[in-house]
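What follows is a short report on a single structure.
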Amino acid sequence: MLLEVNDLNVFYGAIHALQGVSFTLDEGEVVTLIGANGAGKSTTLRTISGLLRSRTGYVRFRGQDISTMPAEQIVRLGISQVPEGRKIFAPLTVRENLDMGAYTRTDGTEIQASMQRVFASFPRLKERINQLGGTLSGGEQQMLAMGRALMSRPKLLLLDEPSMGLSPILTEEIFRIIKEINSQGTTILLVEQNALMALSVANRAYVLETGSIVLQGSAAEVRDNPQVRNAYLGVG
Amino acid sequence: MQKANSTQRSLPAVRTSGARLAWIGRGFLIILALMALIVLVRNFINNPLLFAQIVISGLQLGFVYALIALGYTMVYGIVRLINFAHGDVFMAGAFVSYFAVTRFQLHVWPTLIDPNLPPIVITVVGSITVILLSMAVCALLAVTIERVAYKPLRNAPRIAALITAIGVSFFIEYFGALNFVFSPRFIPYQRPFEVVTWYIRDGIHLVIDGKAPPDGSITFSNIAIIIMVVSILMQLSLQFLVRRTRIGKAMRATAFDKQAAQLMGINVDRIISITFALGAALAGLGGVLYAIAYPSINTLLGVLPGLKAFVAAVMGGIGSIPGAFIGALIMGQAESLTAGYISTPMRDAIAFTILIVVLLVRPTGIFGEPEKEKA
Ligand SMILES: Nc1ncnc2c1ncn2[C@@H]1O[C@H](COP(=O)(O)OP(=O)(O)OP(=O)(O)O)[C@@H](O)[C@H]1O
Ligand SMILES: [Mg+2]
């Protein structure tokens, strides 16, 4: 088991955002976490990354408890996140944003190789290498956010709504790259509004509803579940 | 629906009257600026030598203010805090060097190794040691202040941290003024090296102690040159650090978005500490140079230079490093010209006049961009 999330209870002040969330990820999988707005998907990812703390339970990565580890150390262990809204460093150039992705690494020449691999996946970034992050289009920012997260060579990549605000064509492109990243050995936890798309690339899925996992199974099972079809896939 | 309509209607009206007022204010300021310019030009024509002398002393002041202003602007950039204790760190720099020189003779330590070393080597090595020690102590002091007083308030409303900064400033000033600490008196400062003055008139000549330089000459000193050169070097190194190095990029990333920086594996606390340490080291350096230039120190030494450097940083656009530098140079000239041509006591008032004008006309400063409120 690569990641084991057990009984998370996370609060924002009085708001009980996660109410006993548990799930697991195996090495090499793509797992998707779907659910309506406000279900707690981003909160789950932020807790795994160490930006939020759970009052109970634990998060284990390769058997090691990371629930009390500082966020920067979790990145060093190999968990990288593309946050909701991309969170590009607007005043930094594309190259500097990618440099920041490689902040935990000190192997200079290898970092350059990683950057070339990112450019191979996202040629558009190479053309804009000296442009400020804040001046990129939404789609380009998404590519930069993913490229930046890959620069730390993560074993587990957390993606929070990568298709948000993108055109259908660009969404296809991003999902193609997600599959590619996965096929190169990176495990992926994918949070999506676009459930149909997410289920098409995922091996397994969890459905989150107001802070609790209400359904889980293989992507096909979840896709065929009548309730899911009703609520998230917009088909009756 | 209706509510939205009514606000829409009232907005343009407010804007027009605001704009009109701003124009009146701007016109008034332009007239003032023109009058000041006329006075300056007339004075320059009447006595160009005196004018040059005043500009030189303004440069000396301005370059010291620049060393302080850089710290204000860097710290503001990263934690959005006006660190009012910064001027007191500057004061601490002067005091550390005082104790190092007067109590411990650190400025002549190379004689312990070999008393026959050339005096110039002893002076240069000894003085640099004193300065580095002061910078290090100031860095440590600022990092401690940040850990103890500011860090616990990082997620509190900004005003809480601001008030705390003022409290820390008072604490340092009046704790230092206790009799068993530094005492409230002015203490004569023993310099780590001698200040030498030259005058320019048909070439450059040494000013002999006790003899006034001849009329119609411009004087300048080694400390003035050192202040300018060191301040420029520090500005350039800082610019290089922030633009080109891994730590510098992490500082900019952290300044923009702390959580995103954490997701990159950046230790945000460490970056903030480094920022405080850098700013404080520069202020400490400024404190030593200032004390050498104006050799009488007490625990309130940092108050006015601190405030003036703060105004300089606001004028340049707080958060901007080149802005702080240019703002400080303008501040130095404004102060020196005021002291020279208007009246000496006015030199302190001019800083606040400038602050008020900047806040009225261009609150974001020369290089500043309107701040977007971030969560
Ligand atoms: N900073 C915050 N302060 C207070 N409440 C918050 C905060 N962030 C999230 N919440 C609340 O926690 C709950 C879960 O939010 P979360 O962002 O995890 O949802 P989500 O599933 O990612 O939704 P979306 O699909 O809209 O991104 C919501 O009810 C939200 O209002
Ligand atoms: Mg979300």
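Here the structure is a predicted model, which is why all the values come from computation and not from measurement.
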Exercise for the section: Using a cut-off of under 4.5 Å on heavy-atom pairs, state which of V82(A), I79(A), L92(A), I74(A) scores highest against chain B. Expected result: L92(A)
Practice task
Could you tell me which of A71(A), S152(A), A149(A), G101(A) has the largest number of non-hydrogen atom pairs under 4.5 Å with chain B?
Solution key: A71(A)
Practice task
Indicate the ring-plane relationship of F276(B) and Y150(B), choosing parallel, tilted or perpendicular according to the 30° and 60° boundaries.
Solution key: tilted
Practice task
Would you check if there is a donor-acceptor pair between the side chains of E192(A) and S163(A) at a distance under 3.5 Å?
Solution key: yes
Practice task
Return yes if a side-chain donor-acceptor contact under 3.5 Å exists between S49(A) and Q81(A), otherwise no.
Solution key: yes
Practice task
Please answer whether the main-chain N or O of M151(A) pairs with a side-chain N or O of S114(A) as donor and acceptor at a distance below 3.5 Å.
Solution key: no
Exercise for the section: Would you check if the side chain of T187(A) reaches a backbone N or O of G28(A) as a donor-acceptor pair within less than 3.5 Å? Expected result: yes
Practice task
Let me know if R244(B) has heavy atoms under 4.5 Å from chain A in its side chain, its backbone, both or neither.
Solution key: neither
Which atoms of [X] are under 4.5 Å from chain B, going by heavy atoms: the side chain, the backbone, both sets, or neither?
| X | result |
| --- | --- |
| R86(A) | neither |
| P91(A) | both |
| I88(A) | backbone |

